[in-house]
Amino acid sequence: MLLLNPGPVTLTERVRNSLLQTDLCHREPEFFDLQDEARKRLVAAYELDPAKWTAVLMTGSGTAAVESMVAGIVPEGGRLLVVENGVYGDRIAQIAKQYGIEHEVVKYEWMQAPDIDAIVAMIDAKAFTHVAIIHHETTTGRLNAIDALSRACGERGVGLLVDGVSSFGAEAIDFDGGGIVAVAATANKCLHGVPGAAFVIVRRDALTKAASRTYYLGIARLAKLQDERNTPFTPSVHAYYALVEALREFEDEGGWRARHARYAALAEQVRAGLAALGIESALPPDESSVVLRAYRLPAGVTYETLHDALKAKGFVIYAGQGGLSKSLFRISTMGALDASDMDRLIASVAELVR
Ligand SMILES: *Cc1c(COP(=O)(O)O)cnc(C)c1O
């Protein structure tokens with residue numbers, strides 16, 4: 001079965017086999033070597049200066065990393081502006097509410113791009129200390145324009161928190177070009193690991209001001225202990241094995257730029273193939289990520305029909321979220337997939353719509 005959902009992804013044999021390594025106690029030096037290698041490779045993935053940036057690992061899915069980032073990096077007394085144009089922006093707003101963080105939400109329709117000029121005007125008018133935005137809003141496949149927002153935040157001394165869960169490893173992220181203070185992500189999307197390990201890439205100076213609103217996901221404590229080759233709790237050891245192997249493979253294959261190019265080629269192949277069958281992209285390619293694209297369901301075909309027919313051929317596609325479930329379906333090209341897989345996918349769709 002090939003997974004075309006936005007994570008977990010189809011594994012390479014190399015990563016799958018890494019799960020079969022020796023049993024490991026998380027209080028032994030062998031585990032801390034693994035943790036150190038994962039952290040080092042995550043910082044190196046975007047060629048960051050380890051004196052300025054660190055990777056904080058945790059056990060959980062991508063949401064754990066987003067929650068750890070929001071609950072920790074907005075300091076006591078901080079004011080957060082949340083940009084929402086999809087499910088994941090809404091999730092950050094819920095996290096802020098749950099922790100009692102003073103915040104406002106600037107909402108856009110799920111098919112719409114955020115208006116960066118209007119957001120900057122809001123920052124100026126209302127003295128926010130932090131802004132949170134989704135980089136790749138997986139709800140629609142839209143790649144939000146974080147660079148312009150990051151520059152504006154940087155000029156104002158405002159910290160930008162980025163949910164990079166479905167972009168880290170495959171899209172450009174200009175960590176040092178503006179106001180980014182933290183990016184949350186996970187092992188099992190563009191990095192091709194397994195679910196269970198998540199992380200935040202964070203500026204060390206932001207950690208010194210971090211709040212301690214959460215116990216298990218407390219980012220400053222996790223960072224401090226990990227720097228001391230320690231861990232507060234039992235980590236998902238096997239997920240760390242897979243993450244480290246996936247990061248070695250990522251480097252061997254040419255890092256994020258090569259992954260970007262590979263995903264872009266696959267996404268374009270799918271777009272062109274579906275377009276030839278009369279199936280339209282929901283967003284123009286230049287507004288979309290290379291990681292996932294949303295498509296309009298062909299007339300007279302329900303998502304369930306399409307899903308079940310493709311599953312019978314060995315492909316798992318993904319529904320639209322919320323109100324978009326009746327009109328859209330989504331195809332992600334993350335994971336161990338190649339052009340011949342996409343040819344078979346298009347042929348399978350062609351069989352159904354003819
Ligand atoms: C997948 C995803 C998440 C996290 O989802 P989990 O199910 O917790 O892994 C968060 N944000 C975005 C943009 C995502 O695509």
Side-chain angles (χ1 to χ4, degrees), residues 52 63 65-140 142-165 167 171-184 200-214 219-220 283 286-287 289 322-323:
K52 185 172 169 193
T63 304
V66 174
E67 183 160 339
S68 175
M69 171 177 77
V70 173
I73 299 304
V74 182
E76 291 302 337
R79 282 171 47 77
L80 177 68
L81 179 63
V82 181
V83 180
E84 176 191 326
N85 63 332
V87 167
Y88 296 102
D90 176 55
R91 186 171 294 178
I92 291 186
Q94 289 183 48
I95 291 169
K97 183 162 176 247
Q98 182 100 29
Y99 285 103
I101 296 169
E102 201 181 326
H103 71 284
E104 270 183 52
V105 184
V106 53
K107 263 192 211 200
Y108 297 90
E109 293 293 324
W110 286 8
M111 294 309 292
Q112 251 191 333
D115 178 344
I116 302 296
D117 291 340
I119 294 166
V120 173
M122 261 185 98
I123 297 170
D124 286 338
K126 295 193 169 169
F128 291 100
T129 60
H130 291 77
V131 178
I133 190 166
I134 312 301
H135 186 202
H136 168 213
E137 191 31 281
T138 322
T139 310
T140 55
R142 179 180 292 282
L143 198 64
N144 283 328
I146 61 169
D147 283 353
L149 181 59
S150 173
R151 277 194 299 276
C153 285
E155 284 160 14
R156 288 160 177 79
V158 168
L160 184 62
L161 312 183
V162 178
D163 172 342
V165 175
S167 59
E171 296 285 357
I173 305 174
D174 186 6
F175 281 83
D176 286 307
I180 293 180
V181 291
V183 176
V200 182
I201 308 288
V202 58
R203 280 181 60 135
R204 290 186 179 277
D205 58 4
L207 282 175
T208 61
K209 294 170 236 153
S212 173
R213 296 183 179 91
T214 149
I219 194 167
L283 292 175
D286 65 344
E287 294 178 24
S289 76

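- No option in Val183, Val131, Val181 other than Val131 meets the side chain to side chain contact (heavy atoms under 4.5 Å, CB included) test with Leu160.
- Closest non-hydrogen pair, Ala132 versus Leu80, comes out as N-CD1, 3.8 Å.
- Between Ile73 and His130, the shortest heavy-atom distance links the atoms O-NE2, 3.6 Å.
- Atom CD1 of Ile133 and atom CD1 of Ile180 lie 10.0 Å apart (nearest 0.5 Å).
- Looking only at distances, a side-chain donor or acceptor of Thr129 sits under 3.5 Å from a matching main-chain atom of Arg79.
- Here the side chains of Asn144 and Pro114 are in contact, with some heavy-atom distance below 4.5 Å.
- The existence of a salt bridge linking Glu287 and Arg142 is confirmed by a sub-4.0 Å separation between a basic side-chain nitrogen and an acidic carboxylate oxygen.
- Of all the heavy atoms in Ala220 and Ala210, the pair that sits closest is CB-CB, 4.0 Å.
- Across every non-hydrogen atom of Cys153 and Ile123, the tightest pair is SG-CD1, 4.2 Å.
- Considering Val66, Val70, Ile134, Thr63 in turn, Thr63 is the only one that fulfils the side chain to side chain contact (heavy atoms under 4.5 Å, CB included) rule with Arg91.
- No donor-acceptor distance shorter than 3.5 angstrom exists from the side chain of Glu84 to the backbone of Val105, with no hydrogens or angles considered.
- Atom NE2 of His136 sits about 9.5 Å away from atom OH of Tyr88, to the nearest 0.5 Å.
- Put simply, CD1 on Ile92 and NE2 on His103 are 11.0 Å apart, with the number rounded to the nearest 0.5 Å.
- What you find for Ala93 and Val82 is that their closest heavy atoms are N-CG1, 4.0 Å.
- In this structure, Arg213 contributes its side chain and Gly100 its backbone to no donor-acceptor pair below 3.5 Å.
- Scanning both residues, Ala71 and Thr214, for their nearest heavy atoms gives CB-CG2, 3.5 Å.
- Atoms CE and CG, on Met122 and Asp115 in that order, are 11.5 Å from each other to the nearest 0.5 Å.
- By the 6.0 Å contact criterion, NZ on Lys52 is enclosed, its count of non-hydrogen atoms from other residues, nucleotides or ligands being greater than 12.
- Within 6.0 Å of CD on Gln98 lie no more than 12 heavy atoms contributed by other residues, nucleotides or ligands.
- The shortest side-chain heavy-atom distance between Asp174 and Ser150 does not fall under the 4.5 Å cut-off.
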Hey, mind stepping through Val162 and Leu149 against side chain to side chain contact (heavy atoms under 4.5 Å, CB included) and telling me if it holds? CA-CA 11 Å; Val162 178; Leu149 181 59; over 6 Å; no
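- Looking at Val202 and Met69, their side chains never come closer than 4.5 Å, going by heavy atoms from C-beta outward.
- Distance check, rounded to the nearest 0.5 Å: CD1 of Ile146 to CZ of Arg151 gives 10.5 Å.
- Note that the CG atom of Asp90 and the CH2 atom of Trp110 stand 6.5 Å from one another [nearest 0.5 Å].
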Could you walk me through whether Leu161 and Val74 pass the side chain to side chain contact (heavy atoms under 4.5 Å, CB included) test, one step at a time? CA-CA 9 Å; Leu161 312 183; Val74 182; 3.8 Å; yes
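- Panel note: side chain Glu137, backbone Thr139; a donor-acceptor pair is recorded below 3.5 Å.
- For Asn85 (side chain) and Ala113 (main-chain N/O), no donor-acceptor pair under 3.5 Å exists by modelled atom type.
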